[in-house]
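Working notes, structure below.
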Protein chains: 2
Amino acid sequence: MQLTQYTDYSLRVLIYLSQKPAQTLATITEISDFYGISRNHLVKVVHSLAINGFLETTRGKNGGIRLAKPAAQIGIGEVVRSTEPNFEMAECFNHQNNTCIITPVCSLKGILSEARNSFIATLDQYTLADTIQKPGSLFRSYMQAINK
Amino acid sequence: MQLTQYTDYSLRVLIYLSQKPAQTLATITEISDFYGISRNHLVKVVHSLAINGFLETTRGKNGGIRLAKPAAQIGIGEVVRSTEPNFEMAECFNHQNNTCIITPVCSLKGILSEARNSFIATLDQYTLADTIQKPGSLFRSYMQAINK
DNA sequence: TTAAAGATGTATTTAATATACATATATATG
DNA sequence: CATATATATGTATATTAAATACATCTTTAA
Ligand code: SF4
Ligand code: SF4
């Protein structure tokens, strides 16, 4: 059981933005350099975060991205729901493609649903504001990493 | 977020065995025919279930497999823990391969751990005996499916 | 001795994900 | 208006994990 890197990258972008001084813009290049990950991949991550209303983008010179609302109003559950391609715990969760012959009598799917729901419910207890405890520590951590 | 088919197949095997009359043996071929899934894949599924103590295998003519203990003593959580290849919700969960620069200051991993734990804790509330509500319905369901 | 069962190791296929590449569009500024 | 710099968008490719197939070995009842 894993989440996609796409989801983690989405959260990394939001975490980064949450630590920037309010109202300042970051660029995708800046963030991909910071984390050392594919800029191309981040472009799509950022685009979907914008479509889902988590951040605002500004094109053109001096453009960039920033959070669309305060970190404390961005739920981790919301973000993960919007980035994960699916939450199909077994074949029968996709009615179109399901070939499992015991579906009509199987209660396992209900158990798996309940487990998935408690996973997401836990995430719903937290917001972006809970991801970094000490203000400023994100960039201090970066400095330490690049100086060694 | 998905579980592997390997995990669902493992549970399907256990569900099937739980509905067989006690002490009778089933064969892998019988089960793969029942579900219409790859026999080769099931061979490995069954082998790992045996290694993990969920079922007993008997080689040779008239051999086969059966549950190693009553269905009510086989926890769904136990099974899933033993069949899923990993529960690494983000890159940093694998310390060897982790390249995430903010790991020292990031609290997201704790949130993701907690969510994963509540997923598994939910599964731990159920056993194999909870997967089929009506005795006999599994095979009746099969008959209906093949007769249409 | 044979048939029928699982055990084991390797190879291949498939599908999902991640990444790269190319080009379009928007906008601030000189 | 031209240019530089930012995001937007679509397509192609690469990588990886998972699923499946194949070949052979071992065990055991009859
Ligand atoms: S019906 Fe039950 S056994 Fe079949 S795919 Fe769904 S959860 Fe698995
Ligand atoms: S440290 Fe935080 S951002 Fe980095 S991989 Fe782990 S959970 Fe994701």
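Lettering of chains follows the sequences in order, A, B, ..., and the numbering in each one begins at 1.
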For this session: Please round to the nearest 0.5 Å and tell me the distance separating atom CD1 of A/Ile65 and atom CG of A/Leu49.
Result: 8.0 Å
Problem set entry | Interatomic spacing from NZ in B/Lys44 to OG in B/Ser48 - rounded to 0.5 Å |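 Those atoms lie 11.5 Å apart.
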Seminar exercise, completed: Residues pairing under salt bridge (Lys or Arg N to Asp or Glu O under 4.0 Å) where one sits in residues 27-41 of chain A, two or more places apart or in two chains, turn out to be A/Lys20-A/Glu30
Between [range] and DNA chain D, which residues have a heavy-atom gap below 4.0 Å?
range: residues 8-17 of chain B; answer: B/Tyr9
range: residues 36-50 of chain A; answer: A/Arg39, A/Val43, A/Lys44, A/His47
range: residues 78-95 of chain A; answer: none

Exercise. Which atom names give the shortest non-hydrogen contact between A/Asp8 and B/Ala90, and what distance separates them?
Worked result: OD1-CB, 3.8 Å
Exercise. For residues B/Gln2 and A/Asn86, is any side-chain donor paired with an opposing acceptor at under 3.5 Å?
Worked result: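 There is such a pair (donor and acceptor under 3.5 Å, judged by atom type) between the side chains of B/Gln2 and A/Asn86.
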For this session: Would you please say whether a donor-acceptor pair under 3.5 Å links the side chains of B/Thr131 and A/Ser107?
Result: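 On atom types as modelled, these side chains do not qualify, holding no pair under 3.5 Å.
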Exercise. Of A/Thr29 and A/Gln2, whose nearest nucleotide on DNA chain D comes first from the 5' end?
Worked result: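 Looking at the nearest nucleotide for each, A/Thr29 comes out on the 5' side.
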Exercise. 5'-most contact on DNA chain D: A/Ile28 or B/Gly60, nearest heavy atom basis?
Worked result: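 Its nucleotide being nearer the 5' end, the pick is A/Ile28.
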Exercise. Hey, does the Lys NZ or Arg CZ of B/Arg12 hover above the aromatic six-ring of B/Tyr35, less than 6.0 Å from the centre and inside 45° of the axis?
Worked result: yes
For this session: Kindly indicate whether the side chain of A/Leu128, heavy atoms from C-beta on, has any atom under 4.5 Å from the side chain of A/Leu67.
Result: yes
For this session: Assign each of A/Thr58 and A/Thr4 to its nearest nucleotide of DNA chain C by heavy atoms, then name whichever residue's nucleotide is nearer the 5' end.
Result: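 Per heavy-atom nearest nucleotide, the more 5' residue is A/Thr4.
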Problem set entry | base_contact_polar (D/dT26 base, B/Arg59 side chain, donor-acceptor, <3.5 Å) | yes
For this session: Measure the distance from CD1 on B/Ile65 to C1' on D/dT27 and round it to the nearest whole Å.
Result: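 Taking CD1 of B/Ile65 and C1' of D/dT27, I get 16 Å after rounding.
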Problem set entry | Non-neighbouring partners of B/Thr7 that pass side-chain hydrogen bond (donor to acceptor under 3.5 Å, both in side chains), sequence neighbours left out |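 So B/Thr7 forms a side-chain hydrogen bond (donor to acceptor under 3.5 Å, both in side chains) with B/Thr4, B/Thr83, B/Glu84.
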For this session: May I ask you to decide if the ring planes of A/Phe139 and A/Phe34 are parallel, tilted or perpendicular, using 30° and 60° as cut-offs?
Result: perpendicular
Problem set entry | Side-chain donor/acceptor of B/Asn52 to backbone N/O of B/Phe54, under 3.5 Å |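 Such a contact is absent between B/Asn52 side chain and B/Phe54 backbone.
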Exercise. Is there a donor-acceptor pair under 3.5 Å between the side chain of B/Asp130 and the backbone N or O of B/Thr127?
Worked result: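 Confirmed, B/Asp130 side chain pairs with B/Thr127 backbone.
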For this session: Salt-bridge test for B/Arg81 and B/Asp124: reply yes if a basic N is under 4.0 Å from a carboxylate O, no otherwise.
Result: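 The answer is yes: the pair qualifies as a salt bridge.
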Exercise. What are the bounds, 5' to 3', of the part of DNA chain C that sits under 4.0 Å from heavy atoms of chain A?
Worked result: C/dT17 to C/dT29
